[in-house]
Amino acid sequence: MRLFFLICLILYTTKGSINPSVDQKSQRGEFHDEGKFIVDYEDSSANLTDYASRRSSDDDKMNLEDHKRHEEPPRSDEVDETEDSSDISEERERDSVDHQHLKSLTAIKPEKHQPVAGVINSAFNDRKTFSCPRTKLELLTGTSVGDISPEDITIIAAMGDALATGIGLWPNADIEFRGASFPIGGDSTIDGLITIPNILREFSPKIVGVSHGMGADLPDHQLNVAQTGATTKDLYKQAVELTRRVKKLTEVDYKNEWIMIIITIGTEELCTHCDGPSYDHIKKAIVHLQIEIPKALVVLLGPVHVSSFHEQKSNLLKNRCQCSRDQTEGFMYDISRKWTRVWKDIQKYVETGVTARSTFGMISYPMVTITSRYPNGLFIKDKPLLNRRGHNYATKWLWNRLIGGDLYNLSSATLSQDNYFCPSVGCPYFRTYANHRGCPIRTYEEAKNTDLIMRGGVVVKKSRRSIEFLYSLAMVVVGAAFCTVCILGTIFYQKSKTGDHGRFEIVEEPQKKLEEAQKEEQKALLTRQNTRAQSELATTPSGIQLAPMSVGRHKSFLGTISESNPDV
């Protein structure tokens, strides 16, 4: 009897687990089984309008029974094998924001040697829930790599491989869909397509450089120079092409605006060669960007690392690459370490190299780490490239990492449950190496007090004297010096004319004394002669003129008046 009831219970359970699965597949599309735990999802959209204007992804569609199962997830110690092959969406309701989850993020407190922990107190899923505060109205931002906010990004560009070209994102077609790729795509809005540019548009509506539509031959004002199948050796050519396009922009002045350059490279290269990247070629491309672009924030992304939520160290890319399919798990781990080592060296060069400066920064991530309960459903069928859901997850991972920094840890975070973070109140900037240890927040009033002003979009230190004043002061100093030289030169010249010997002639002391004695004697003689001449011309009070008399040099004057002389 007990055996009969047990068999009935098993049949009833089996019937309830099969029928809903069939109904869901008929409603949502087709899953192509690749194995016991491998599923792949293909979009059933018929045209671009349906694809881009769709408010939420197909992953969000759940019936009532699925919603109940979503609210009551199984315990970690009970893993149902049927879940890996089911089509139950792991995405939350997009219009809801999990405030309890946000509060758990604020529990991280910074310690003495830990990075600065910014408090994430708000998030969003779409334009309806977007409520991120604007900081540029009150704070002085965009002066250096350490205080770049999402509102400062005016230009966005992309380099790299197929992740930026969006190949395979158009349903059932092997074409490039650049308008839907997560680093640069701008088709639709945040309500219909979650990409980095569409998120930035909520902060900076006039962002330029975004890619639209399909195909490889896009206009030059769309700054997507990525190429399908590109490797790290192709980055320098892409950098040259990108700078050419940036300099041709007419909407904005690239010299005074911040540009974000997202480089996705390595996924196809790793699957083709199963080896590390080329450090020299990456460095050459970065140096070119540093020289040609005044203000830029480069986001360097390595290969994708898709794993199950329960086995995060296992990269499912291994089974999709021809060169690594028959290798061990340690083989992929060794390759990942090569990429990590090169990424660290590139990051160090940007920070401390000969071309380093405060208005050019880099954020490097060796792997695009995505975890999911259904990780095989993030790939395009039979390819190592992400499908539309994979691009959505990559967008959320990259954005939250840019805003949350290293504290956004996927070992405790769930992409299907997370929202898109707003900039934190403690550090409302992109988390870079410049604000890793300290995050200065400066208002416009504080900037005035510290002699900082905006000039041509660039913050410079205010000089204590104006340019006109400095020029006038220099002219006064030069004029005064010229007059002084003329006056002193004239004096010395006239004095030199009265001298009896040259300035550079050497005169002995006895000769000098003799010359001085002769000068005194000549002066006395001239004085006596002048006195004698005056005496000879002198007359008496009665009008009698005295006869001149010869006087010896050393005799006194002797004169007599003859009484017999009637004239006397």
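Counting from 1, the numbers follow the sequence of the chain as shown.
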**Ile261 side chain reached by Ile293 side chain, heavy atoms, under 4.5 Å** = yes
**Short side-chain donor-acceptor distance under 3.5 Å, Arg178 and Asn224** = yes
**Request:** Report yes or no: do Thr141 and Lys136 form a side-chain donor-acceptor pair below 3.5 Å?
**Result:** yes
**Asked** So do the side chains of Trp343 and Pro277 get within less than 4.5 Å of each other, counting heavy atoms only?
**Response** yes
**Request:** Considering only NZ, NE, NH1 and NH2 on the basic side and carboxylate oxygens on the acidic side, decide whether Asp345 and Lys348 come within less than 4.0 Å.
**Result:** no
**Message:** Ring centroids only, cut at 6.0 angstrom: are Tyr420 and Trp399 within range, meaning strictly under it?
**Reply:** no
**Prompt:** With a 4.5 Å heavy-atom cut-off, do Leu139 and Pro428 have their side chains touching?
**Reply:** yes
**Asked** Hey, does the side chain of Glu202 reach the backbone of Arg127 with a donor-acceptor pair shorter than 3.5 angstrom?
**Response** no
**Request:** Using modelled atom types only, decide if a donor and an acceptor are shared between the side chain of Arg442 and the backbone of Leu140 within a distance under 3.5 Å.
**Result:** no
**Prompt:** Are Cys323 and Cys271 within a span of less than 2.5 Å, counting SG to SG?
**Reply:** no
**Fill in**
Heavy-atom nearest pair, Val304 first then Pro384, reads CG2-O, 4.4 Å
**Request:** Output, in order, the C-alpha distance, side-chain angles, deciding distance and verdict of ring-ring contact (aromatic ring centres under 6.0 Å, His included) for Phe124 and Phe421.
**Result:** CA-CA 7 Å; Phe124 63 94; Phe421 294 163; 9.3 Å; no
**Request:** Compute the centroid of each ring, for Trp397 and then for Tyr365, and state whether the two points are separated by less than 6.0 Å.
**Result:** yes
**Prompt:** With distance as the sole criterion, is a donor-acceptor pair present between the side chains of Glu268 and Thr231 under 3.5 Å?
**Reply:** no
**Asked** Can you find a heavy atom in the side chain of Glu176 that is under 4.5 Å from one in the side chain of Thr228?
**Response** yes
**Message:** Ser278 and side-chain contact (heavy atoms from CB on, under 4.5 Å): which single residue from Lys283, Lys284, Lys233 fits?
**Reply:** Lys233
**Asked** Should we say atom CZ of Arg134 is surrounded by more than 12 heavy atoms from elsewhere, each under 6.0 Å from it?
**Response** yes
**Asked** What distance do Ile156 atom CD1 and Leu297 atom CG have between them, rounded to the nearest 0.5 Å?
**Response** 10.0 Å
**Prompt:** Given the rule in the side-chain contact (heavy atoms from CB on, under 4.5 Å) test, do Ile153 and Ile259 qualify, once you have shown the distances and angles that lead to the verdict?
**Reply:** CA-CA 6 Å; Ile153 302 300; Ile259 174 173; over 6 Å; no
**Asked** Would you say the side-chain atoms of Lys396 pair up with the backbone N or O of Asp418, donor to acceptor, closer than 3.5 Å?
**Response** yes
**Request:** Please check if the side chain of Ser424 supplies one atom and the backbone of Cys427 the other of a donor-acceptor pair under 3.5 Å.
**Result:** yes
**Message:** Contact between Ile263 and Val298 at the side-chain level, heavy atoms closer than 4.5 Å - yes or no?
**Reply:** yes
**Item:** Side chains of Phe360 and Lys295 in contact at under 4.5 Å (non-hydrogen atoms)
**Value:** no
**Request:** Say whether Tyr333 and Asn315, considering side chains only, have a donor N or O and an acceptor N or O under 3.5 Å apart.
**Result:** no
**Message:** Tell me whether Thr395 contacts the main-chain N or O of Ile194 through its side chain, where contact means a donor paired with an acceptor under 3.5 Å.
**Reply:** yes
**Request:** Output the distance between atom CG (Asp326) and atom CD (Gln322), rounded to the nearest 0.5 Å.
**Result:** 7.5 Å
**Prompt:** Taking atom types as modelled, is there a side-chain donor on Gln312 or Ser307 under 3.5 Å from an acceptor on the other?
**Reply:** no
**Message:** As an exercise, state the distance from CZ of Phe379 to CG of Asn319, rounded to the nearest 0.5 Å.
**Reply:** 9.5 Å
**Request:** Check whether more than 12 heavy atoms from other residues, nucleotides or ligands sit under 6.0 Å from atom CD of Glu311, and answer yes or no.
**Result:** no
**Donor-acceptor under 3.5 Å (Asn376 side chain, Leu316 main chain)** = no
**Request:** Taking atom types as modelled, find out whether Gln227 and Thr165 have a side-chain donor-acceptor pair closer than 3.5 angstrom.
**Result:** no
**Message:** Just verifying a value: how many Å separate Ile207 CD1 and Met260 CE, rounded to the nearest 0.5 Å?
**Reply:** 8.0 Å
**Asked** Is a salt bridge present between Arg245 and Glu241, judged by a nitrogen-to-oxygen distance below 4.0 Å?
**Response** yes
**Prompt:** Atom CD1 of Ile265 and atom CD1 of Ile282: how far apart are they, to the nearest 0.5 Å?
**Reply:** 8.0 Å
**Asked** Cut-off 3.5 Å, side chains only: do Thr243 and Glu292 have a donor facing an acceptor?
**Response** no
**Prompt:** For the cysteines Cys274 and Cys321, is the SG separation below 2.5 Å?
**Reply:** no
**N/O donor-acceptor pair under 3.5 Å between Ser336 side chain and Met332 backbone** = yes
**Salt bridge flag under 4.0 Å for residues Asp275 and Lys338** = yes
**Message:** Regarding Asn392 and Arg389, do their side chains bring together a donor and an acceptor under 3.5 Å, going by distance alone?
**Reply:** no
**Asked** So, does Lys248 use its side chain to make a donor-acceptor pair with the main chain of His221 at under 3.5 Å?
**Response** no
**Message:** Just so I know, are the side chains of Thr135 and Tyr429 near enough to count as touching, which here means a heavy-atom distance under 4.5 Å?
**Reply:** no
**Asked** Are Phe130 and Phe203 close enough that their ring centers fall under 6.0 Å?
**Response** yes
**Item:** Test item: Pro294 and Tyr254 side chains (from C-beta on) under 4.5 Å apart, heavy atoms
**Value:** yes
**Prompt:** Any donor and acceptor pair, going by atom type alone, linking the side chain of Arg401 with main-chain N or O of Arg431 inside 3.5 Å?
**Reply:** no
**Message:** Please evaluate residues Leu223 and Leu242 with respect to the criterion side-chain contact (heavy atoms from CB on, under 4.5 Å), reporting the C-alpha separation (whole Å), side-chain torsions for both, the decisive distance (0.1 Å), and the verdict.
**Reply:** CA-CA 7 Å; Leu223 305 179; Leu242 177 60; 4.0 Å; yes
**Prompt:** Can a donor-acceptor pair be found between the side chains of Ser181 and His391 at a distance below 3.5 Å?
**Reply:** no
**Message:** For Asp220, is there an ion pair with Lys247 - N to carboxylate O distance below 4.0 angstrom?
**Reply:** no
**Item:** Chi angles and distances behind the side-chain contact (heavy atoms from CB on, under 4.5 Å) call for Val210, Gln222
**Value:** CA-CA 6 Å; Val210 183; Gln222 299 185 24; over 6 Å; no
**Message:** Let me confirm one number: the CG-CZ distance from Leu402 to Phe430, rounded to the nearest 0.5 Å.
**Reply:** 6.0 Å
**Message:** Side chains of Asn125 and Thr129 only: does a donor on one sit below 3.5 Å from an acceptor on the other?
**Reply:** no
**Request:** Indicate yes or no for a side-chain donor-acceptor contact from Glu269 to the backbone of Thr232 under 3.5 Å, with no hydrogens or angles considered.
**Result:** yes
**Request:** Mind running side-chain contact (heavy atoms from CB on, under 4.5 Å) on Ile155 and Val252 for me, showing each step along the way?
**Result:** CA-CA 8 Å; Ile155 308 171; Val252 295; 3.6 Å; yes
